[in-house]
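Reminder, nothing fancy here: chain letters follow the sequence lines and each chain counts from 1.
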Amino acid sequence: MAYHELMIAGTGGRGVLLIGRLLARAGMKQYEHILFFPNYAPAMRGGESECTVILSDDPISSPVMFEPSYAIAMTGSAMALMEKRVKAGGALMIDSSVTSDKISRDDIEAFYIPASQKAVEVGGGQAANMVFLGAYAANTGAIELDFVEEALDDMLQDKSKDTILALNKKAFRDGATLMADYQ
Amino acid sequence: MAYHELMIAGTGGRGVLLIGRLLARAGMKQYEHILFFPNYAPAMRGGESECTVILSDDPISSPVMFEPSYAIAMTGSAMALMEKRVKAGGALMIDSSVTSDKISRDDIEAFYIPASQKAVEVGGGQAANMVFLGAYAANTGAIELDFVEEALDDMLQDKSKDTILALNKKAFRDGATLMADYQ
Amino acid sequence: MEDSSSEVKKITGRPKLRIPTLGMYCPGCHYGIITRIICEVLEELGIEGKAIGLAGVGCSFGGAPMTIDVDWTSCPHGRAPAMATAIKRIYPDAMVITVQGDGDLGAIGLGCFMNALVRGEHFTTIFLNNAVYGTTGGQMAPTTLLGMKTTTTPTGRNVENSGYPLHIPELAATMKGVAYAARCSVHTPGNFKKAKKALRTAFEKQMNGIGYGIVEFISACPPNWGLSPLECLDFISDKMLEEYPLGEFKNVDQIG
Amino acid sequence: MEDSSSEVKKITGRPKLRIPTLGMYCPGCHYGIITRIICEVLEELGIEGKAIGLAGVGCSFGGAPMTIDVDWTSCPHGRAPAMATAIKRIYPDAMVITVQGDGDLGAIGLGCFMNALVRGEHFTTIFLNNAVYGTTGGQMAPTTLLGMKTTTTPTGRNVENSGYPLHIPELAATMKGVAYAARCSVHTPGNFKKAKKALRTAFEKQMNGIGYGIVEFISACPPNWGLSPLECLDFISDKMLEEYPLGEFKNVDQIG
Amino acid sequence: MPERMLISGNNAVARGAIQAGCKYFFGYPITPQSEIPEFMSRELPKIGGVYVQSESESGSIYMVYGGGLTGKRIMTSTSSPGLSLMAEGISYLAEQEISAVIVNVVRMGPGIGTGGQGGQTDYLQVTKGCGHGGYHAIVLAPASCQEIFDLMQLSFHLADKYRTPVMVVTDFILGQTEELVELRSLDFGPLPEKEWALVGKDNRGGKRVAHVAAFFSYQGILNYHMKQIEKYAEIKKNETRHETYMTEDCDLLIVAYGSSARIARRAVEMGRARGLKLGLFRPITLWPFPSLAMEEESVRAGRVLVVEDSQGQLVEDVEAFTKGQVAVHLLGMWGRHNPGGGGIIHPERILQEVEKLNGR
Amino acid sequence: MPERMLISGNNAVARGAIQAGCKYFFGYPITPQSEIPEFMSRELPKIGGVYVQSESESGSIYMVYGGGLTGKRIMTSTSSPGLSLMAEGISYLAEQEISAVIVNVVRMGPGIGTGGQGGQTDYLQVTKGCGHGGYHAIVLAPASCQEIFDLMQLSFHLADKYRTPVMVVTDFILGQTEELVELRSLDFGPLPEKEWALVGKDNRGGKRVAHVAAFFSYQGILNYHMKQIEKYAEIKKNETRHETYMTEDCDLLIVAYGSSARIARRAVEMGRARGLKLGLFRPITLWPFPSLAMEEESVRAGRVLVVEDSQGQLVEDVEAFTKGQVAVHLLGMWGRHNPGGGGIIHPERILQEVEKLNGR
Amino acid sequence: MPRGKIEIIEEFCKGCQLCVHFCSKECIEISRDRFSPNGFLLPEFVNEEACIGCGICGWMCPECTIDVYRYVED
Amino acid sequence: MPRGKIEIIEEFCKGCQLCVHFCSKECIEISRDRFSPNGFLLPEFVNEEACIGCGICGWMCPECTIDVYRYVED
Ligand SMILES: Cc1ncc(C[n+]2csc(CCOP(=O)(O)OP(=O)(O)O)c2C)c(N)n1
Ligand SMILES: Cc1ncc(C[n+]2csc(CCOP(=O)(O)OP(=O)(O)O)c2C)c(N)n1
Ligand code: SF4
Ligand code: SF4
Ligand code: SF4
Ligand code: SF4
């Protein structure tokens, strides 16, 4: 039975929750059960922010998990945190343009993606999150790329300008490509 | 051991609590233990109002009693109420100038005192309560008349005009006399 | 002297809406007179059937509902404006009327009141100013006069400890959402008539969908002022009206 | 170009009282600029040692105490004035300062605030008007502009549902107990200077025992306005200042 | 077959209420429930309803009081500190027997607490009298977005049926979690007319109603309370609800409600996979509490582990209701994963505790 | 030998507080406790203290919060609905560990209640969390004017010793009753310095203090709660208080607090005179509750009769703490003498109940 | 000069004397010996001749317990 | 014309660009590739020649994270 779990961590305002929500929406097209749990920091803005996405064909009992099998860390501190939590045999994706640190565990896979850098090239520093999502999709095959773009349309169409939408899609696709030729 | 209990009932604003408090103050000069409990009606003014006074040489455990051995009823409704509660063998004092009703119980003594009328004669309709207190003191000997007048001075001296004070004392003494020649 | 059989015309008596029962107020309390005014104005405007009254905590808590024959609820202390807000929003055609004392509206309820004005609610407030907390035995109210002795200002209210007397209709008049704000009194037959007119105008602002209206009534509280009902009348003309001028502070046919 | 060894004089930098830590505010939030002003004025008046700050619930709840190096407490939502009252009454020589947002002071705290003014308390209030509830994600505040979209006015604030924007210093100016009431902004260097002067005057009213003072700061909230920090500057000059004129509404040396 | 939608628990609160015919919402923003007023401010005007943003939670509850008197279905939602500000109002609602629904999306308390974090620290407050006077309100504790949607509909029915305030208690986790919800409409049967509603005399054939405290006559008080005591007995008899999972053969009964019950359920699954005989007892009504059912299940299992994300509040009731017949253990908030992005009791942690109790 | 004075319970509250060195009072009028603010408004200015009449009970509690932060001894008093309005504030006091004394002269509730009448309907509220977050406050329940005067002094000591809000609970009967009180001054020993008090940096050698919620870091929350849990354990160990009367040989234990305990004591006297083996257990601290002592005494007696002027609140704890080992009976508010001037449970009525239990 | 008369429904009277005060014709006096059931001294309509039925005592009575009539001139 | 220079303490910078905006001499620009640890693009002091040390960028920086100096003429 198909099952994917992903934890995304970073600081508020960077779009951590947005891509989580996006992945969940896209997942509806492909899975029987979906769970999205955003766990953001207290009052303070720019604080730590993380979310969990579970895509599954079986019912999902707990909304929270201690050890995800896959995680994305959008900041240096998030990386330190997630390195401690990812299940052995799992994977961790890191923004190499905001931190040069490397993880020390060798029982999990690590992907160093210059997400922020790529986003700036695409034309919007804020789209780093989409780069990650693209990379994740490409790496795990957990979700059809088209489903994500459709979900993006549903979520943002009336909210934001087409340019923004296009930019996000490009960042997403580039993320996928980044992953494709990752070594 | 000396022990006296008195319950006074009437409507708010007629001075029910004042004479209870006064008797308690006076009692300090004559008894080891004193208890005064004013039980007045909810929010609404001019509602039912009653109080209990206990003068005793032994410690007093309960502040409330169901059946007083002596009661004063300053209104018609209070009379109806108190008739039900006075202990057999006890006494009930009634304002004959506000009600012409008589009680039906014969296992308690009843004193019909034209308190309000007397008060008006003395010059203040509001002093009916003092007439009652005088009558009670004279009837039971529970308290020295002088102690009551001293207590009255302590309580009212700086609060009210001498004329009021004098008027109250006169009402008190007249009440005592009323009782003396009561048949 | 004509024999009593000769024809007579009734000039006045108990208003139709004044429930025949012993009022809950103290002897000489002006709330009873204000009760009459409310009854008469409701009758004259023919709106008693649409009226929903809300009584604040104070002597009018039971006093108003028990004596005025329209729909009523009493309210938690100071909260009538919030309750009135909901009722008026749900039934825009109802005549929603709050009756609040100066402690109820001016102290604990000041925020609830001001926020209703900020939101621009469309009900009518009858504000009873007797310069004290009556029900609880005469403690200081925000409206207590400077120098006035109460059970919590034993040496008289002073600015250092308690600030200045609160002027509610003047304050209300500064708020954009308010259509009518006035102060009146009932301590003379002449003022009685003016008071009726003021209340009538306030009700009309609501009836015509113009906006919020408030009428303050200066009112005697004999037991807590420590004065006889008659002495209270002088206290009002000599002291209260000096601090609290009578009149209209706002009267517009279009808010904003 | 001279070699860097040549002598330099420091023009400005982090104020002494500004704790060297990452501020808790969003990028471009003016609260950071206002924080600087508070620090500088406290330093210039030399009163930081007597200062006791009270931060309302809002972005300054942690933001102010965590960045300004004087005694602080944060307060329950809207209640800073009551807490300040007690502190000032107990320590009349302390410099008691409340920092409150427009939801904190203008909505839930309006009653607490108004009652402090009625009592004529002697502290100073820094009132932050960003026209929204920032912390909770941009809901309507009493200060939200008419037509302004927020998360609880999705089609823009309108008078029917939410009344008119609340003008706090103007309101405060009508209260006898108030010595100083002004509105300023920090969206240009020129206004930055004026704002400092206003705050200084307000503090002096307390120092000299004259009375209560309040300074409103118009402040940008980029994430909740949905604008970039730079776009916010235009929004302030074009929209905010239209509804909220800058200036002093009261400045007296003797209350009453 | 009704539509399935991916919505958060907070969203399910609002949609469930509207499904139940609630058109009037009075509320104030507070994390982690602000999505509820935000949703209502968008949707209610579209269906001819009213959204009023109160000036505070006290404003909300008194608006609910006034709104309830009109006989319409009305509600508010808030989080812990906001609920405290409603204490007096809720007590009045109970006294005056006003039908109203109050949602508490609990945040970690006391004091300012933390909106952005889980916590179940209001059990005592919601079940034992956040207001004065010893009244009771029905308290429902759903554990999934679907159940939130369903119980919201039930809550309005119970409020009308018993003329009482009803509280629905969720928390940060349940409020923020998004799941697929079937937007089904539930029917709980007919209800009495509300002839007590304030609608103006004209709409009642000239007869007026006046809601004044019952408390002006002494007798009034006693009659009032005797009536309440009967009513509470009725509610206990009819409305006590709970759910069990794998309790038949369990030798350790986990008792938990709300989000903790969700997490505990996962722990039971994981434990069973390891051959541990775990079962779950989940109270759905916190008041009335399913005490008898819980006592039974506890005695059968022989051991109880209470899991609650708090200092230990539910556990007091569990001890009281099991009357010392079984050992009652507690995994409280110290079971949270800390430090880090968590502040949450994870299923893994519950299993650790079980292993400890099993002496392994 | 200190002066003996005939004063009411409300008066004893105020005099006891001043005796304890309290010079700052923040309060709002409400029957049946208005004599307390009235006395304070007269007396505090004479001793250089401050009386502030707040705009409401919420105003009072936040003033108490601010006042407590100065390190001075401060207090407020109110009655039931007023206490509800303090719910949020009290929760904050507990969170921020502010020393403060809150007196609740209970009035019959819920809702508006009746100021002019007895009632003990706030037991649940004062002991179980009138505010959010599951904090605890020490709750003292005196039963005579003398004990009120003495416990007021103790309350300030405990508030300082444990940095916690302390509640003193009386009611209409105790507040209004006037008895002879010995104005003695009690010494409970030394207390820690309050270096956390807000006095301005200058008065602390330039070092500042900042009281901001512990809750900005996740770890902060856990540390905070662990500390509280320890503190509560300490308080339970050291401060649990109760009184027994004629329990040695009793075959029926009456459990009651406050005014009901006074009335029950009279019933015990009258009963003993008739040869009935009655005893009285009176909790003096309602939190922490003297559960072990009560369990012991109950088991010894074999039967328990709870007397409380409410719908039955204390009885829930008595049942919980006696763990089903003995039969627990209740004489609640239905035992009141009604109709008439009463609304009071009289000693005679308690004896009737006893006779009934004895099957006579 | 119109002529009138009043009727005082005594059971609701609280003896506040406002009617006595506001009657410009001094038609009403407080009794020296008649009490209401609550012990208030009752007002009495002692001067019918002078009464002009102006209605003022009726309006100003807080208890709304005075009926005022005017004789119809014919 | 006075001359000045600034130092940006980058760890506290949130990339709001107010300094860039308020510098009338266009001395500050946002980098295209240098990020703060939280992923904000950093401002850079690119035009020292033009800087007059007016202090405005310093005052207007919400993070108080710019030190402004002026060269002392000798
Ligand atoms: C929450 C709460 N606080 C206090 C009280 C007690 N209380 C009853 S009436 C009242 C004051 C009323 O004064 P005001 O509003 O001036 O009305 P008045 O009695 O003078 O008519 C107070 C404080 C209450 N009932 N509820
Ligand atoms: C009693 C209570 N209600 C609601 C909240 C949630 N809350 C936190 S901040 C805030 C609004 C703050 O807005 P504002 O005062 O404008 O300050 P800003 O965040 O804009 O700086 C609210 C409603 C709370 N903490 N406590
Ligand atoms: S207390 Fe005052 S306000 Fe209340 S009824 Fe009596 S006179 Fe009227
Ligand atoms: S939310 Fe708005 S007010 Fe709060 S820190 Fe961010 S920008 Fe500033
Ligand atoms: S005015 Fe009315 S209440 Fe007062 S004395 Fe005259 S009749 Fe009686
Ligand atoms: S103003 Fe300050 S925070 Fe903003 S970009 Fe410039 S240096 Fe960074």
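Shown here for C:R18 and G:E63, the closest heavy-atom pair between the two residues is NH2-O, 3.5 Å. Of all heavy-atom pairs spanning G:C64 and C:G32, the tightest one is SG-O, 4.4 Å. Closest non-hydrogen pair, C:T188 versus G:M60, comes out as C-CE, 3.8 Å.
Using a 4.5 Å cut-off between heavy atoms, G:I66 contacts chain C through its backbone alone, with no side-chain atom that close. If you measure heavy-atom distances from C:T67 to chain G, you find no contacts under 4.5 Å at all. G:C57 does not touch chain C: none of its heavy atoms, backbone or side chain, sits under 4.5 Å away. Contacts between C:K196 and chain G at a heavy-atom distance below 4.5 Å are absent for every atom of the residue.
Under the side-chain contact (heavy atoms from CB on, under 4.5 Å) rule, C:P27 has a single partner from G:C16, G:C13, G:P62, which is G:C16.
How far CD1 of C:I33 is from CH2 of G:W59: 13.0 Å, rounded to the nearest 0.5 Å. For the atom pair OH (G:Y69) and CD (C:E7), the distance works out to 13.5 Å, reported to the nearest 0.5 Å. A distance of 11.5 Å separates CD1 in C:I11 from CD1 in G:I56, rounded to the nearest 0.5 Å. Rounded to the nearest 0.5 angstrom, C:L233 CG and G:H21 NE2 are separated by 5.0 Å. The distance from atom CD1 of G:I6 to atom OG1 of C:T12, rounded to the nearest 0.5 Å, is 11.5 Å.
Residues G:K5 and C:V8 are in side-chain contact: their nearest non-hydrogen atoms beyond the backbone lie under 4.5 Å apart. Between C:L230 and G:V20, every side-chain heavy-atom pair lies at or beyond the 4.5 Å cut-off.
By the 6.0 Å contact criterion, CD on G:E29 is open, its count of non-hydrogen atoms from other residues, nucleotides or ligands being 12 or less. The environment of G:E26 atom CD is sparse: at most 12 non-hydrogen atoms of other residues, nucleotides or ligands sit within 6.0 angstrom.
Looking at G:D67 and C:K10, a side-chain N of the basic residue comes within less than 4.0 Å of a carboxylate O on the acidic one, giving a salt bridge.
Between the G:K14 side chain and the C:G23 main chain, a donor and an acceptor come within less than 3.5 Å of each other.
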